[in-house]
Amino acid sequence: MIDAEDVVLVLLAAGRSSRFGMDNKLEAEFLGKPVGFHVTTALESIAFADRIVVTDGCRLDFASRGYRPIHNADVGQGLSHSLQLGVREAMKTSPRAILVALADMPRVTAAHIYRLFDAFEGPDAVVVSSNGEHPTPPGIFGSGRFEALLKLEGDEGARALVAGGRHVVTAPAELIDIDTPEDLERLRQLVHAPERKITRGGAHRSD
């Protein structure tokens, strides 16, 4: 178990959004606010030691949400590059652990994050989320794993590292991530979001 005060949150919010089209997916509307602000709202009551966001310059003002922005000037290097930027910054304050979360997962809850904290067992711990079939962010990494995070390459992110970690299962709907406009529209329909488009023939994308 670990206390939030010993954990730095690293939120990854940089990427090409190539599968989403011309728009930045984090700025798309979901339940009346940008996709990227849902996770910040969900986790705002958790007393992290620090909050860092790695971004590529999207128009969302994460600083107003209590995050220290780190700019990723080369998103072409993949998710692992953003992760390394965030981990290096987080390591400056010598936290016991780093929690890595993704800004394109708008249904993550604080309750689930506390379950990850409860499953944490020490500096070599790797505790990640699971939908019951495969591991996924958010995940918490003990200080003994920081160097391994810095050695990751490409778009695989921390997949190899988390495969051998502890997996905390939660409802698949909580771990939905948004990669395409179709992903977002399916989620809008799932929660009956007001911005979904309704026609006589059924519900369709509003974008």
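Using a 4.5 Å heavy-atom threshold, the side chains of R88 and I70 count as separate. Residues V53 and R65 have side chains not in contact (no heavy-atom distance under 4.5 Å, counting atoms from C-beta outward). Residues P194 and L31 meet the side-chain proximity criterion, which asks for heavy atoms closer than 4.5 Å. You'll find the side chain of E174 reaches within 4.5 Å of the side chain of T109, heavy atoms only. In this structure, the side chains of R166 and V128 stay at 4.5 Å or more apart for every pair of heavy atoms. Side-chain atoms of R107 and H38, non-hydrogen and from C-beta on, never get closer than 4.5 Å to each other. Between I113 and P138, some side-chain heavy-atom pair lies under the 4.5 Å cut-off. For the pair F117/V127, no side-chain contact is recorded, criterion being any heavy-atom separation below 4.5 Å from C-beta on.
Pairing each heavy atom of M105 with each of P137, the nearest pair is CE-O, 3.2 Å. Across all non-hydrogen atoms, the minimal contact from F48 to L43 is CE1-O, 4.2 Å.
None of V35, T55, L26 except one satisfies the side-chain contact (heavy atoms from CB on, under 4.5 Å) rule with L60; the exception is L26. L85 pairs with exactly one of L12, N72, I52 by the side-chain contact (heavy atoms from CB on, under 4.5 Å) rule, that one being N72.
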Please step through side-chain contact (heavy atoms from CB on, under 4.5 Å) for the pair T136 and N131, ending with a clear verdict. CA-CA 8 Å; T136 180; N131 62 3; 5.6 Å; no
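Note: D61 CG to F37 CZ = 6.0 Å, rounded to the nearest 0.5 Å.
Under the 4.0 Å criterion applied to side-chain N and carboxylate O atoms, R186 and D183 are assigned as salt-bridge partners.
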